[in-house]
> 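Shown below is the structure under consideration.
Numbers restart at 1 for each chain; the letters A, B, ... are given by sequence-line order, proteins then strands.
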Amino acid sequence: MTLPYDDEDPISIEKYARTLLNRTLREVYQASQTYNMGARGALGQAVEKLHFKYQPNNIAAPDFPKAGLELKVTPIKTLKNGELVAKERLVLNIIDFMVEHSKSWEESSFWQKNKRLLLMFYLHHDNAAIYDLYFRLIGIWDYPEKDLLIIKNDWKIIVNKIRNGEAHLISEGDTMYLGACTKGGGHGGDFRSQPFSSELAKQRAYSLKKKYLDIIISTWRKDKRLNDIEPIVKNVKDLSNEKSFEQLVIEKFAPYIGKSPTEITKALGVKINPNAKNFFSTLSLRVLGVKTKKVEEFEKADITLKTIRLKHNNMPKEDISFPYFKYKEIVEETWYESTFRSYLEKKFFFVIYKFNKKGELRLAKVMFWNMPARDIDSYAKLVWERTVEQINNNKAGDLPKKRENYACHVRPHGRNAKDTDETPNGVMLVKKSFWLNSKYIRDQILDKSID
DNA sequence: GCATGATCATGC
DNA sequence: GCATGATCATGC
């Protein structure tokens, strides 16, 4: 059968893909309802069959092997402020723990299949048949060289966990752009064996983080929000196989360890209002050489920059809060797919200051941190489950306290006591959220380098 | 000195 | 007006 495009030529394929831009499959193909409408991935399969005229496959090579292109059909949505963002992460191929560990980067299943993506973003609609969804952005995505260095390092982190017999301890927070997300069995229910440990590990697939997709979308749309974002890595040569992004960032702070915020400001030769509430975060941005409000790499990797001030006994002055939860929504969640768990799987960048004996603040240390998978599925899980149980038992007024759990607790988090939310039992109660305990944070950051 | 409850400041 | 991150106040 003659194809309506040249399957050896990526540009021809991209051009042909774009004929679906701002259209639906039904408009183009008068599609019947033959295919499974609701199934996940059904639209992708329909695009392969109806539009590209090939049978969906399950091979290790890209979908268009001769052109070296992997086709991905993935949803976007519009936020209340009109911004267009990815609806979810982009799930790529499943990782075969038994095989992947023996591969080099070049031979890896990720690189073999996904080195060049043909992305077709469609606008998500809750109740629409797959034939009635509109394609809004279509194009080939070539990872910028700088991104590729970070992705390559991400891949090493994932594979090293397998090599260390820790496939069961992989967390999306371990990596920056390339994640290893759970796949199958209701997300986290499908277990596989791993080569260097007898522990079963959740089946995982490579994925591109949602925030990484957001930047692809913004880039293609030339969104204004890109003006607020500036990269730390100005030049590809800033990174190498020997120097990861994290190391580069830590090096940028190294000259200022032991210095006061004022001294750092002076040394940088910048003017920042020391009374502004965002003084510390602005100072960190300037140390990183970023003049705008946001760091590109942090945005794409969904890394939260947090300033922590340690008291003289190394205890952080404050606990770390998360957004409040809605009582009626949290009881409908499962732990594994809970909002709280998704917050905990993110990476943090801690800029840690410490009060010295005279009560003066000095930069003590910077570090990237994400909550170890073990802690997430033990301490945090217990607190979350107890919280749901109490709310369900009409005891939303008595949720896990700080002394009850080593890592986290629940406490009010509204504008004031009158800022309330309705419980499943119809009672109005002050808004609450999960918090990470200062003591737990202390133990996570404690190191001989702080004294 | 810490746990707990409460509120502030900022930005959208 | 509200969400969110940051911080304060009180009492044990």
> With heavy-atom distances below 4.5 Å as the criterion, would you say the side chains of A:Lys328 and A:Thr423 are in contact?
no
> Where along residues 403-437 of chain A does a heavy atom come under 4.0 Å from DNA chain C, residue by residue in number order?
A:Arg411, A:His413, A:Arg415, A:Lys431, A:Trp435
> Does any residue of residues 315-323 of chain A have a heavy atom under 4.0 Å from DNA chain B, and if so, which ones, in number order?
A:Met315, A:Asp319
> Compute the angle between the rotation axes at the two ends of the helix from B:dG1-C:dC12 to B:dC12-C:dG1, each taken over five pairs, rounded to 10 degrees.
30°
> Using a heavy-atom cut-off of 4.0 Å to chain A, what are the terminal contacting nucleotides of DNA chain C, in 5' to 3' order?
C:dC2 to C:dC8
> Using the side-chain contact (heavy atoms from CB on, under 4.5 Å) criterion, which residues pair with A:Asp228? Sequence neighbours excluded.
A:Lys293
> For a quick check under 3.5 Å, do A:Asp419 and A:Tyr324 share a side-chain donor-acceptor pair by atom type?
no
> Parallel, tilted or perpendicular: which fits the ring planes of A:Phe325 and A:Phe434, with parallel below 30° and perpendicular above 60°?
tilted
> According to side-chain contact (heavy atoms from CB on, under 4.5 Å), who are the partners of A:Leu200, at least two apart in sequence or on a separate chain?
A:Phe191, A:Ser193
> Could you give all pairs that pass the salt bridge (charged side-chain N to carboxylate O under 4.0 Å, His left out) test and reach residues 390-406 of chain A, with sequence neighbours left out?
A:Asp319-A:Lys402
> When you measure from every atom of DNA chain C, which of residues 210-226 of chain A have a heavy atom less than 4.0 Å away?
none
> Quick one: which of A:Phe253, A:Phe368, A:Trp369 gives a ring pair (Phe, Tyr, Trp, His ring centres under 6.0 Å) with A:Phe350?
A:Trp369
> Taking only residues at least two apart or on different chains, which pairs with a member in residues 386-406 of chain A satisfy ring pair (Phe, Tyr, Trp, His ring centres under 6.0 Å)?
A:Tyr379-A:Tyr406, A:Tyr406-A:Tyr440
> Taking side-chain contact (heavy atoms from CB on, under 4.5 Å) as the test, write out the residues that go with A:Thr307, two or more places apart.
A:Phe280, A:Leu305, A:Tyr353
> Holding to salt bridge (Lys or Arg N to Asp or Glu O under 4.0 Å), I want the full list of residues that pass it with A:Glu299, two or more places apart in sequence or in another chain.
none
> Any salt bridge between A:Lys432 and A:Asp421, counting N to O under 4.0 Å?
no
> So, is the end of the A:Arg23 side chain (NZ or CZ) under 6.0 Å from the ring centre of A:Tyr134 and within 45° of the ring's axis?
no
> Does a salt bridge link A:Glu70 with A:Lys115, judged by any charged N lying under 4.0 Å from a carboxylate O?
no
> Any salt bridge between A:Asp190 and A:Arg192, counting N to O under 4.0 Å?
yes
> Using the test salt bridge (Lys or Arg N to Asp or Glu O under 4.0 Å), find all partners of A:Glu389 that sit at least two apart in sequence or belong to another chain.
A:Arg386
